Amino acid sequence: MQRHHFLRTLAGCAAAALLAAAPLAQAQAPAMKLRMAHSGAETETQHLAALEFARQVKARTQGQIEVQVYGSSALGNDNTVIGAVRGGTIDLATSGTPYYTGMVGRMNVLDLPYLFTSTEHAYKVLDGPIGRGLLDELEGHGMKGLAYWEVGFRSLTNSRRAVRVPEDVKGLKIRTTPNPAHIKAFQILGATPTPMPLAEVFTALENKAVDGQENPVNIVRNNKLFEVQKHMSLTRHAYTAMPVVMNKAKFAALKPEQQSALVDAARAAATFQRDLIKKSEAGDIAFLRSQGMQVEENVDAEPFRKLVAEPTQQMFADKYGRQLIDAVLQAR
C-alpha cells in the first residue's frame, strides 16, 4: 500500500511539474522570423521605417514575430524582391508604386505628374478608400498590401546644367522609374527617359550612361548622388508612394490578432517615416549644397504642369477611364 501511495505521489508531482513548465516552454518557443527587403540605403527613411516596423511588430505580437530587415538591395533589386514576395521566398517588401503597376495598372494614377497638390492631399488619398482599394487589387497577384510608406515628391538632378524652365530639360538623358506617365512626361519635355532600378543609378550616373535622375531630396542625399550630380531642381513633378506588401499565403496563415498587429505596425511606421521626411528636408538641402550641389529651390512648377499634366492624365484615362483621376482630384 505504501509503495502504491508513493508511486501515485510521484506521478502527481511529475504531472504538476509538467504543467508548471508548460507556460515556460510556450514562452520560450522560437519567434516566427519574417524577412523584409527593400532597395534603399541604410541611412534612408524607408530603412529607418522598416526598423521601426520591425520594432512595432515585435512589441505588438509580444515577441511572437520578428522581422529581419535587409536594405540596400541586399536580397535583389526592386523587381527581383517583389517577384520573390509573390513566390514566397521573401516574406515582406516595400518598393515605389511603379514597381507594382505592371500587375495593377490602375495604381499608375498615384504617380501622374502634378496630380497631388501637397503631401496632405496624397495622404488623404492613400489612407482612404482609394488607396485601400488599390492595395486590395494586389491580392490577385499573391501579395497582401499592408500600408503605404512614401518615396515622396520627386525632383530632378543632372550633371550638365541648371534646370529652371522646361526648355532646360531638352536633350538630357534621365533615369526614370518604369512608370509610363513618368516616361511620357520626360519625352514631352524633350529628354530621353531611361528606366532602371535604383540599385543601378549611381553607377549609370558615374559612367555618364545617363545625365540625371529624378528622386526626392532625401534619396539624393542618402544614395550619395551628390558625388556624381552637380545640379538639383526642386520641380516636385510627381509624388511616389511605397506600398508595403507581404506574401499573401503567409499573411493568411497568421492568427487574426497577428494579422492586425502587422497592419497596425505598418501604418504606424508610415506615420513615423512621413514625419521624418518632413523634418529632414531643409537639412538635406543644406547638406547637398555643402557638398557642392547647386540647388534650385524656387522652380516655377506651372510651366512644367501645363506641358505634362493633361497628356499624362489622358494617357491614363484612355486605358482606365477618368473616374479614378477625378476621385483623386476631388479628395483635395
Side-chain angles (χ1 to χ4, degrees), residues 96-98 101 108-119 121-122 150-196 198 201 204-205 208-221 223 225-226 228-241 281-282 284-285 288-289 292-319 322 325-326 328-329 332:
T97 42
T101 53
N108 276 308
V109 74
L110 301 177
D111 290 273
L112 290 176
Y114 296 106
L115 187 66
F116 289 118
T117 56
S118 65
T119 50
H121 179 200
E150 73 175 359
V151 176
F153 276 101
R154 313 180 76 89
S155 288
L156 181 65
T157 73
N158 80 96
S159 59
R160 289 176 55 186
R161 56 178 173 265
V163 172
R164 301 183 182 93
V165 295
E167 289 75 16
D168 295 330
V169 181
K170 191 171 296 185
L172 295 177
K173 192 170 184 179
I174 303 295
R175 178 269 175 180
T176 69
T177 73
N179 186 289
H182 292 183
I183 293 169
K184 185 174 181 65
F186 280 100
Q187 288 172 336
I188 291 169
L189 293 171
T192 302
T194 306
M196 71 177 68
L198 181 62
V201 173
L205 294 169
K208 307 296 184 184
V210 291
D211 301 310
Q213 61 83 54
E214 39 94 50
N215 262 307
V217 174
N218 70 90
I219 290 180
V220 174
R221 174 178 182 170
N223 286 273
L225 301 185
F226 54 84
V228 287
Q229 296 281 267
K230 179 69 174 176
H231 303 279
M232 181 163 199
S233 300
L234 302 189
T235 50
R236 304 185 192 277
H237 51 269
Y239 177 87
T240 298
E281 184 169 278
D284 288 339
I285 291 171
L288 294 177
R289 284 202 168 108
M293 284 196 82
Q294 296 178 13
V295 182
E296 301 288 336
E297 287 193 65
N298 299 312
V299 177
D300 183 1
E302 189 59 20
F304 292 88
R305 189 195 66 78
K306 283 183 176 179
L307 284 172
V308 304
E310 192 280 329
T312 52
Q313 288 184 23
Q314 189 58 50
M315 180 178 67
F316 181 91
D318 287 344
K319 195 166 187 178
R322 281 206 61 92
I325 294 174
D326 293 339
V328 170
L329 292 172
R332 285 181 291 186

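Computed from a predicted structure; not experimentally measured.
Note that CD of Glu150 and CG of Leu110 are 12.5 Å apart. Values are rounded to the nearest 0.5 Å. Interatomic distance, Arg160 CZ to Lys230 NZ, rounded to the nearest 0.5 Å: 16.0 Å. Between Ile219 atom CD1 and Leu225 atom CG the span is 9.0 Å, to the nearest 0.5 Å. Separation of atoms CZ (Arg322) and CD (Gln313) is listed at 5.0 Å; rounding is to 0.5 Å.
Electrostatic pairing of Lys170 and Glu167 does not count as a salt bridge here, judged by no charged N lying under 4.0 Å from a carboxylate O. A salt bridge is defined here as a Lys NZ or Arg NE, NH1 or NH2 lying under 4.0 Å from an Asp or Glu carboxylate O, and Arg164 with Asp168 fails to meet this definition.
Counted by atom type alone, Thr240 and Asp111 present one or more donor-acceptor pairs between their side chains at under 3.5 Å.
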**Q.** side-chain contact (heavy atoms from CB on, under 4.5 Å) between Val217 and Met232, intermediate numbers included
**A.** CA-CA 9 Å; Val217 174; Met232 181 163 199; 3.7 Å; yes
Q: Determine, stepwise, if the pair Leu205 / Arg175 fulfils side-chain contact (heavy atoms from CB on, under 4.5 Å).
A: CA-CA 9 Å; Leu205 294 169; Arg175 178 269 175 180; 5.8 Å; no
Q | Val163 and Glu296: CA distance, side-chain angles, deciding distance, side-chain contact (heavy atoms from CB on, under 4.5 Å) verdict | A | CA-CA 8 Å; Val163 172; Glu296 301 288 336; over 6 Å; no
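Partner His237 forms a side chain to side chain donor-acceptor pair (under 3.5 Å) with one of Glu214, His182, Arg154 and no other, that one being Glu214. Here the rule is side chain to side chain contact (heavy atoms under 4.5 Å, CB included) with Leu234, and of Asn298, Ile285, Leu156 only Ile285 fits it.
Heavy-atom minimum distance, Pro166 versus Phe304: N-CZ, 3.5 Å. Nearest heavy-atom pair across Met293 and Val220 is SD-CG1, 4.2 Å. Taking each heavy atom of Pro311 and Lys184 in turn, the nearest pair found is O-CE, 3.9 Å. Heavy atoms only, all atoms of each residue included: Phe153 and Arg236 are closest at CD2-O, 4.0 Å. Closest approach of Ile183 and Pro193 over heavy atoms only: O-CG, 3.5 Å. What you find for Pro178 and Pro195 is that their closest heavy atoms are CA-CB, 4.0 Å.
In this view, Arg332 satisfies the salt bridge (Lys or Arg N to Asp or Glu O under 4.0 Å) rule with no residue, not counting sequence neighbours.
Between Tyr114 and Leu307, the closest side-chain pair of non-hydrogen atoms is not below 4.5 Å. Side-chain contact check for Pro216 versus Val151: some heavy-atom pair is nearer than 4.5 Å. A heavy-atom distance below 4.5 Å is found between the side chains of Val169 and Phe186. Counting heavy atoms from C-beta outward, Lys319 and Asn108 have side chains that stay 4.5 Å or more apart. Here the side chains of Arg305 and Glu302 are in contact, with some heavy-atom distance below 4.5 Å. By the 4.5 Å heavy-atom criterion applied to side chains, Val308 and Leu189 are counted as neighbours. Side-chain contact between Asn223 and Val201: absent, with no pair of heavy atoms (C-beta onward) separated by less than 4.5 Å. The shortest side-chain heavy-atom distance between Leu198 and Gln213 does not fall under the 4.5 Å cut-off.
Side chain of Gln229 to main chain of Asp211: a donor-acceptor pair is present (N/O by atom type, distance under 3.5 Å, no hydrogens or angles). Side-chain atoms of Asp300 never come within 3.5 Å of backbone atoms of Pro303 as a donor-acceptor pair (strictly under, hydrogens ignored).
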